[in-house]
There are 2 protein chains.
Amino acid sequence: MPRQMTIGTLSRETDTKVETIRFYEKSGLLPAPDRTEGNYRTYEPSHLRRLSFIRRARGLGFPLEAIRTLLNLSDDRSRSCEAVDRIAKDHLVQVEQKLADLNALRAELDRMISLCSCGTVADCRIIDTLLPGPAGSPSRATENPR
Amino acid sequence: MPRQMTIGTLSRETDTKVETIRFYEKSGLLPAPDRTEGNYRTYEPSHLRRLSFIRRARGLGFPLEAIRTLLNLSDDRSRSCEAVDRIAKDHLVQVEQKLADLNALRAELDRMISLCSCGTVADCRIIDTLLPGPAGSPSRATENPR
DNA sequence: GCCCTCCTTGTAGTTCCTACAGCGTTGCCG
DNA sequence: CGGCAACGCTGTAGGAACTACAAGGAGGGC
């Protein structure tokens with residue numbers, strides 16, 4: 001069991017692109033590892049753990065900024081985990097908001113598509129839905145492109 | 001009822017930031033309008049309609065590339081709207097994929113948070129979930145950050 | 001003539017990577 | 001020992017869809 005590994009190995013172990021690992025290092029999420037004579041990065045198990053943490057959090061959709069905070073918090077094991085809880089709950093709220101938006105979206109897309117009989121564009125219900133109705137209802141969409 | 005309007009008016013009418021309108025113009029989604037002596041853009045009702053279309057499609061989450069195609073298709077009213085239908089359906093598939101992902105995400109976040117008793121970080125269940133379990137199950141997250 | 005608002009252009013920043021380009025290093029085969 | 005592929009290095013640019021300045025010009029009310 002090798003205690004040290006190259007970036008390629010770490011990449012495979014964590015299913016993370018090499019460039020992404022370097023990006024995390026530049027962003028200060030991963031500490032810069034030692035280098036070999038040939039200037040190659042050599043990672044230790046601690047890096048592997050930290051990177052796994054980051055990837056898992058990213059998989060759950062936490063933004064890097066939040067992950068940075070989580071990592072700092074988790075480094076001080078004696079501290080209360082209130083802040084951790086708050087970050088997670090905040091994120092949950094965001095996810096739930098996005099879910100609601102997407103559900104509305106799907107409903108509208110469903111409706112749009114079900115109406116399309118695939119004739120000519122001139123009477124395509126999809127295009128119609130998108131066009132501003134001159135006399136019809138405004139028919140607002142999700143109305144939150146940002 | 002003014003037939004011509006400035007960019008600010010158009011912005012208000014369509015609830016679109018001025019910069020975004022110029023961005024759409026640069027991106028070729030909105031035709032470049034005429035200018036006044038003072039070099040101000042002057043928009044006509046046709047611009048308003050086109051921009052409304054774009055905004056509505058964006059509100060439904062269509063990417064600009066798809067909107068570009070939709071606009072081209074809708075310009076030729078005699079063409080079959082098969083392609084339109086396909087774009088919409090593709091988009092629906094994407095939305096549904098995202099919904100599934102987010103639902104899984106919410107479940108995991110819910111679980112995570114419900115386990116947290118807000119003691120110290122040392123035994124925080126949220127941090128635990130993110131840490132790679134040395135003996136525990138891998139506990140993969142959504143596993144698809146990108 | 002002043003002042004405030006609106007408009008102009010252009011550039012850079014956001015988020016989270018991804019994709020080169022152009023080079024140096026390592027390891028293995030013969 | 002030569003050669004080659006695979007791997008690593010740095011640095012920069014791109015992408016999606018805007019957003020946010022900065023620095024200045026134009027228009028209209030008082």
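Letters A, B, ... mirror the listed sequences (proteins, then strands); counts begin at 1. These numbers come from the heavy atoms of this one structure, side chains and all, not from hydrogens, waters or symmetry mates.
- Note on A/Tyr24: every side-chain N or O is 4.0 Å or more away from OP1 and OP2 of C/dC16.
- The side chain of B/Arg55 places an N or O atom within less than 4.0 Å of a non-bridging phosphate oxygen (OP1 or OP2) of D/dC18.
- Comparing C/dC17, C/dT18, C/dC7 against the side chain of A/Glu19 picks out C/dT18 as the nearest.
- Residue A/Arg58 has its side chain nearest to C/dC16 when only C/dT8, D/dT10, C/dC16 are considered.
- For B/Lys26, the side-chain atoms get nearest to C/dT11 when compared with the rest of C/dT26, D/dT12, C/dT11.
- In this structure, CG in A/Leu64 is found 11.5 Å from CG in A/Leu70, a value given to the nearest 0.5 Å.
- Listed here is the closest heavy atom pair of B/Ile7 and B/Arg22: CD1-CG, 3.6 Å.
- Side-chain nitrogen and oxygen atoms of B/Arg41 include at least one within less than 4.0 Å of the OP1 or OP2 phosphate oxygen of C/dT9.
- The listed nucleotides are D/dC9, C/dT8, C/dC7; the one nearest the side chain of B/Thr6 is C/dC7.
- Distance B/Glu37 CD to D/dG28 P: 11 Å, rounded to the nearest Å.
- The backbone N or O of A/Glu65 sits less than 3.5 Å from a side-chain atom of A/Thr69, completing a donor-acceptor pair.
- For the pair A/Thr20 and A/Asn39, nearest-nucleotide mapping onto DNA chain C gives the more 5' position to A/Thr20.
- For B/Lys17, the listed nucleotide lying nearest its side chain is D/dA20; candidates were D/dA20, C/dC17, C/dT9.
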Worksheet item: Please walk me through it: do A/Arg111 and A/Glu108 pass salt bridge (Lys or Arg N to Asp or Glu O under 4.0 Å)?
Response: CA-CA 5 Å; A/Arg111 201 172 53 74; A/Glu108 191 123 6; 3.7 Å; yes
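- For D/dA16, neither phosphate oxygen OP1 nor OP2 lies less than 4.0 angstrom from any side-chain nitrogen or oxygen of B/Arg68.
- Between A/Gly38 and A/Phe23, the residue anchored closer to the 5' end of DNA chain C is A/Phe23, taking for each the nucleotide with the nearest heavy atom.
- Look at CD1 on A/Ile21: it is 11 Å from P on C/dT18, rounded to the nearest Å.
- The nearest whole Å value for the distance from the CZ atom in B/Arg35 to the P atom in C/dC7 is 12 Å.
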